[in-house]
Amino acid sequence: MKTIAIIGGGITGVTTAYALAKRGFAVTLLERHRYAAMETSFANGGQLSASNAEAWNHSSTIVKGLKWMLKNDAPLLVSPKPSWHKLSWFAEFIAAIPHYRDHTIATTRLAVAARAHLFSWAEEEGIDFDLKRQGILHIYRDRAGFEHAAGVSRLLEQGGLPRRAVTPQEMRALEPTLAGQYYGGHYTESDSTGDIHKFTNGLAQAAQRLGADLRFGQRVTKASADAHGVSITVEQDGASDTSDTRRYDAVVVCAGTASREMAAMLGDRVNVYPVKGYSITVNLEDAASQAAAPNVSLVDDAAKLVASRFGVGRFRVAGTAEFNGFNRDIRADRIAPLVNWVQQCFPGVSTRSVTPWAGLRPMMPDLMPRVGRGKAPSVFYNTGHGHLGWTLSAATADIIADAVLAALGAPAALVSQRTAQALKMA
């Protein structure tokens, strides 16, 4: 049986492990934390949002970034401290601006395709992840933002996603708890929300039931590839005296912001940059807060914030983008705007109990995930999904699993399964 190593136990690593295990491969997932989904897949905004597929590669993003550079509480914050990684990333980001339209449409198609996979997997494996299928409402306070969104809606429609404009009155009908004055909104009925951490752990257990070996507390220190496979060295919990090297027929790098380092070991360049985002989980501890919190998921494009309701007792607000290297600090001046947004838009929600979090989004300069083969025949990548890892993961996992299947051939287990199905049908 062909052996496949997967580096990374976040949403992309776990979905890839599951997709490969379903195809009959002997899968070993290597994750440096003690559990799955402990970094970027821990406490994101929770949106399965095809409506958020717009690429960031737009001239207006550059203008806003320059304008906000010296504001600590700005939705988009770029640290002025230079680094070659940051400079090269922004150069490629600017070079991708002419592809804004095509990339937005392509990402939309991928996001729409991902839904079917994710929902079917969750149903098949019985995963409870606080799924709420009540759509996503983008809100706008001025005409300029609303009309830009109308142009985005036309691109989304070309990608197979219907989204409709709504009046302030219709916004109130969709989400009566939303306070404030608005010019209008755009509503995507087919979008949904859920807890990424709960889903990832549920799918990890399903992958284990299919035979995948999930090895936690494994830090990859070396990786090399040749024509016959890959060699990967790990250390248990970072202890050098527990170094262990094993051979695999192939590797899929799903290492999030560490993918650039892993790719360099394997002879490839994957220019992922860590774009920090923040979230708060508001614990709805009283009946008044539970009644005042929204049920429809929201996107405030001006504030670069999203909001999702998880069950009865939790309300998640997440967003902003900070270019500051591998800094994982949870800054009070970056959390405060999230709390203030809740108080402004949902004044009946108590913010007495709030849990802050920060995570690093693995973002490619052109906002397109790196899904495909490396230079070596045994190396594959499924990484760099940026702010849409949760939304795209099920589709990209299926794509890369098919790529591995095509390259390595069907494993014996899959051949036997298909033969049995054919005999049953005969």
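All values below come from the heavy atoms of this structure, side chains included, with hydrogens, waters and symmetry mates left out.
- Under the 4.0 Å criterion applied to side-chain N and carboxylate O atoms, Glu322 and Lys71 are not assigned as salt-bridge partners.
- Checking side-chain atoms of Lys86 against main-chain N and O of Lys81 turns up a donor-acceptor pair under 3.5 Å.
- Side-chain atoms of Leu77 and Asn324, non-hydrogen and from C-beta on, never get closer than 4.5 Å to each other.
- Residues Phe323 and Tyr273 bring their aromatic ring centres within 6.0 Å.
- Ring centers of Tyr183 and Phe146: under 6.0 Å apart, within the cut-off.
- Taking the side chain as every heavy atom from C-beta outward, Ile136 and His138 approach each other to under 4.5 Å.
- Without hydrogens or angle criteria, Arg163 side chain to Ala149 main chain gives a donor-acceptor distance under 3.5 Å.
- Without hydrogens or angle criteria, Thr104 side chain to Ala55 main chain gives a donor-acceptor distance under 3.5 Å.
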Does Asp191 form a side chain to side chain donor-acceptor pair (under 3.5 Å) with Ser49? I'd like the steps, not just the answer.
CA-CA 5 Å; Asp191 274 344; Ser49 52; 5.5 Å; no
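- Between Val251 and Ser378, the closest side-chain pair of non-hydrogen atoms is not below 4.5 Å.
- Remark: side-chain polar atoms of Arg309 are paired, donor with acceptor, to backbone N or O of Gly311 under 3.5 angstrom.
- Scanning all heavy atoms of the two residues, the minimum distance from Thr221 to Met265 falls at O-CE, 3.4 Å.
- The main-chain N or O of Leu156 is never found under 3.5 Å from a side-chain atom of Thr108 such that the two would form a donor-acceptor pair.
- You'll find the ring centres of Phe315 and Phe346 inside the 6.0 Å limit.
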Between Arg219 and Gln236, is the side chain to side chain donor-acceptor pair (under 3.5 Å) condition met? List the steps.
CA-CA 6 Å; Arg219 185 169 68 91; Gln236 180 74 32; over 6 Å; no
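- Ionic pairing of Asp398 and Arg23 is present here: one or more N-O contacts between side-chain nitrogen and carboxylate oxygen are shorter than 4.0 angstrom.
- No donor-acceptor pair closer than 3.5 Å links the side chain of Ser393 to the backbone N or O of Thr12.
- Closest approach of Ala291 and Thr177 over heavy atoms only: O-CG2, 3.6 Å.
- In terms of heavy-atom proximity, Asp286 sits nearest to Ser289 at OD1-N, 2.7 Å.
- Note on Glu157 versus Arg164: no salt bridge recorded, every NZ/NE/NH1/NH2 to OD/OE distance being 4.0 Å or above.
- Aromatic ring centres of His387 and Trp56 lie closer together than 6.0 Å.
- The residues Arg314 and Asp130 are annotated as salt-bridged, a charged nitrogen and a carboxylate oxygen being separated by less than 4.0 angstrom.
- With contacts defined as side-chain heavy-atom distances shorter than 4.5 Å, the pair Arg32/Glu39 qualifies.
- For the pair Asp213 and Gln208, the minimum side-chain heavy-atom distance is 4.5 Å or more.
- For Glu123, the CD atom sits in a loose shell: 12 or fewer heavy atoms of surrounding residues, nucleotides or ligands are nearer than 6.0 Å.
- With a 4.5 Å cut-off on side-chain heavy atoms, Phe42 and Thr200 do not count as touching.
- When all heavy atoms of Ser353 and Glu285 are compared, the pair lying nearest together is OG-OE2, 3.5 Å.
- In plain terms, the two heavy atoms of Arg328 and Ala358 that are nearest each other are O-CB, 4.2 Å.
- The local environment of CD in Glu189 is sparse, with at most 12 non-hydrogen atoms from other residues, nucleotides or ligands closer than 6.0 Å.
- Of the charged side-chain nitrogens involved, at least one lies within less than 4.0 Å of a carboxylate oxygen, so that Arg215 and Asp244 count as a salt-bridged pair.
- Under the 4.5 Å side-chain criterion, counting only non-hydrogen atoms from C-beta, Tyr278 is in contact with Arg331.
- A side-chain donor-acceptor contact under 3.5 Å links Ser297 to the backbone of Ala307.
- In terms of heavy-atom proximity, Val296 sits nearest to Leu174 at CG2-O, 3.4 Å.
- Between Ser190 and Leu161, the closest side-chain pair of non-hydrogen atoms falls below 4.5 Å.
- Ring centroid separation for the pair Tyr18 and Trp121 comes in under the 6.0 Å cut-off.
- Within 6.0 Å of CD in Glu147 there are more than 12 heavy atoms belonging to other residues, nucleotides or ligands.
- Of the possible polar contacts, none joining the Asp366 side chain to the Ala96 backbone as a donor-acceptor pair under 3.5 Å is found.
- When ring centroids are compared, His186 and His148 stay outside the 6.0 Å threshold.
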